[in-house]
Undergrad: 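Before I ask anything, here is the structure I am working with.
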Number of protein chains: 2
Amino acid sequence: MTEKSTYHHGNLRDALLDAAFELLDQEGVDGVTIRAVARSLGVAHSAPANHFKTRKDLLTALATRSFEQLTSAIQNGLQQGLEDRRERLKVFADSVIAYGLNHPNRYRLLWRRDCLAVDDPDLLAQMDALYEPLIHLFEQGDQKEQRSAETSGIALWSMVHGYVSLRLDGNLVPLNDEVSGEPRERAIIDALFDGIASK
Amino acid sequence: MTEKSTYHHGNLRDALLDAAFELLDQEGVDGVTIRAVARSLGVAHSAPANHFKTRKDLLTALATRSFEQLTSAIQNGLQQGLEDRRERLKVFADSVIAYGLNHPNRYRLLWRRDCLAVDDPDLLAQMDALYEPLIHLFEQGDQKEQRSAETSGIALWSMVHGYVSLRLDGNLVPLNDEVSGEPRERAIIDALFDGIASK
DNA sequence: CATCAATATGGACAGTGTCAATTTAAGCAA
DNA sequence: TTGCTTAAATTGACACTGTCCATATTGATG
């Protein structure tokens, strides 16, 4: 296996994505500059342009992949086959929260509209795919029931997304707390199911 | 009133803040560059440095003021003097949602940790002030009740913050919908109070 | 082998934040 | 008033960024 000529990388596109993910995870989205990615691979600063025309396009590819990961994490959880709808909704919530807390910079990127090519068809498709299981979990009943199911879905999704966002921003203290043995996130999900019963 | 010498602006600090707010509202946080702000006031590109050492410091001042605005909007609402706690919690939620939807770029800036000097004492103080009314609305009862009250508070705050964030990112469709005459946000707040009662 | 298109290169440009040396003038003490 | 100190503004510079361009290399196809 002789040393290949180094001029053409061979698989630069994938290498760029890997390197960009590494930078994203370690330094956040600001760390993902075209030149830094190129530098980390030892290629010219303008080499990436052949595969990602702009920085936005690169970040969009990262976000698309991240949406993909999140969605399949949810799907995996749901395939364990719990029957109870309430349990299935918890799986959805747990999956999103786990992904957000484990991959903070990826999760943040998902919602950085200013960094993304928001009309990229692949990105849009993956965003839709994320909502699909949630919608599916709520679609049933007649017209009126659907209306309130929609509201329940938005309520759940809002709470989950808000909770993760606040946690990632360090706006919930203490960060890692428990409520009678359960992590806080389980408690707030239950609160939504049962109502906070303000008396 | 003769024309003053133009070398010294006289009140550059306030003028910078005003101009920066204008840019923030119109173009988002990316539009708030030191040089753009200076340009819009017709001063040298490095004049702002005398008042805000770095861009982060300028944005931090904007965020601090925005927190202030949001907090006083909440306080104003609460001073109308509704007795029912449930109603008072709704006032909190409504105030945050209204501020977020009316000042999207200011609201977004509040949570852009990467753009802010997150250990600035003024900023921290204003952030605390935001949570104060929410905490106050829940503090009562014994130890165990407090624990669950805390959970309710986090649940409500998470849902409100998540809802605004999703709306601002265009992730809730349709954007402006109603549920039996009420805007969607009222419906999800009610959902949290009463529970989504997944059967 | 010859050619072509894809891919990588280096150089350039405008924009940015930030630093440094300098100039201006306002405020204050004598 | 005069003179000094100092805050506040100036210009200039540097390194970094994204993006464009002309050029060079090479893999693949005829």
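In this text the structure is predicted, and so the values were computed from the model without any measurement. A, B, ... follow the sequence lines: proteins, then strands. Residue 1 opens every chain.
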Undergrad: Starting at atom NE2 of B:His51, determine the distance to atom C1' of C:dG17, rounded to an integer number of angstrom.
TA: 17 Å
Undergrad: The side chain of A:Arg55 is closest to which nucleotide in this list: C:dT18, D:dT10, D:dT19?
TA: D:dT19
Undergrad: Got a donor-acceptor pair under 3.5 Å from the side chain of A:Ser46 to the base of D:dT19?
TA: no
Undergrad: What's the closest nucleotide to the A:Val43 side chain, out of D:dG18, C:dT9, C:dT7?
TA: C:dT9
Undergrad: Please give, in whole Å, the distance from C:dA8 P to A:Arg39 CZ?
TA: 18 Å
Undergrad: Nearest to the side chain of A:Thr33, which nucleotide is it out of C:dT9, D:dT17, C:dT18?
TA: D:dT17
Undergrad: Might you confirm whether atom CD of B:Glu22 has over 12 heavy atoms from other residues, nucleotides or ligands at distances under 6.0 Å?
TA: no
Undergrad: Output the rounded distance in Å from CG (B:Leu41) to P (D:dA9).
TA: 10 Å
Undergrad: Can you find an N or O donor on one side and an acceptor on the other, under 3.5 Å apart, linking the side chain of A:Asn50 with the base of C:dA6?
TA: no
Undergrad: What are the two closest heavy atoms between B:Ile188 and A:Ile154, and how far apart are they?
TA: CG2-CG2, 4.1 Å
Undergrad: Rounding to a whole Å, what distance do you find between B:Arg35:CZ and D:dT10:P?
TA: 13 Å
Undergrad: Measuring from the side chain of A:Leu12 (C-beta onward, heavy atoms only), which nucleotide among C:dA8, D:dG18, C:dT9 has the closest atom?
TA: C:dA8
Undergrad: Using a heavy-atom cut-off of 4.0 Å across all strands, would you classify B:Thr54 as base, sugar-phosphate, or nothing?
TA: sugar-phosphate
Undergrad: What is the distance, rounded to the nearest whole Å, between atom CZ of A:Phe52 and atom P of D:dT19?
TA: 13 Å
Undergrad: Would you say a side-chain N or O of B:Arg13 is under 4.0 Å from OP1 or OP2 of D:dA9?
TA: no
Undergrad: Students often mix this up, so state it plainly: with edges at 30° and 60°, are the rings of B:Tyr107 and B:His161 parallel, tilted or perpendicular?
TA: tilted
Undergrad: Pick out which of A:Tyr131, A:Phe138, A:Tyr163 makes a ring pair (Phe, Tyr, Trp, His ring centres under 6.0 Å) with A:Trp157.
TA: A:Tyr131
Undergrad: Can you find a side-chain donor-acceptor pair between B:Asp57 and B:Thr54 that sits under 3.5 Å?
TA: yes
Undergrad: Round to the nearest Å and state the distance from B:Leu58 atom CG to C:dT16 atom P.
TA: 14 Å
Undergrad: Provide, to the nearest angstrom, the distance between the CD1 atom belonging to A:Ile34 and the P atom belonging to C:dA8.
TA: 14 Å
Undergrad: Whole-Å distance between D:dT19 C1' and A:Lys56 NZ?
TA: 14 Å
Undergrad: Any side-chain N or O of A:His45 less than 4.0 Å from the OP1 or OP2 oxygen of D:dC16?
TA: no
Undergrad: If you only use heavy atoms from C-beta on, which nucleotide in D:dT11, D:dA9, C:dT18 is closest to the side chain of B:Ala47?
TA: D:dA9
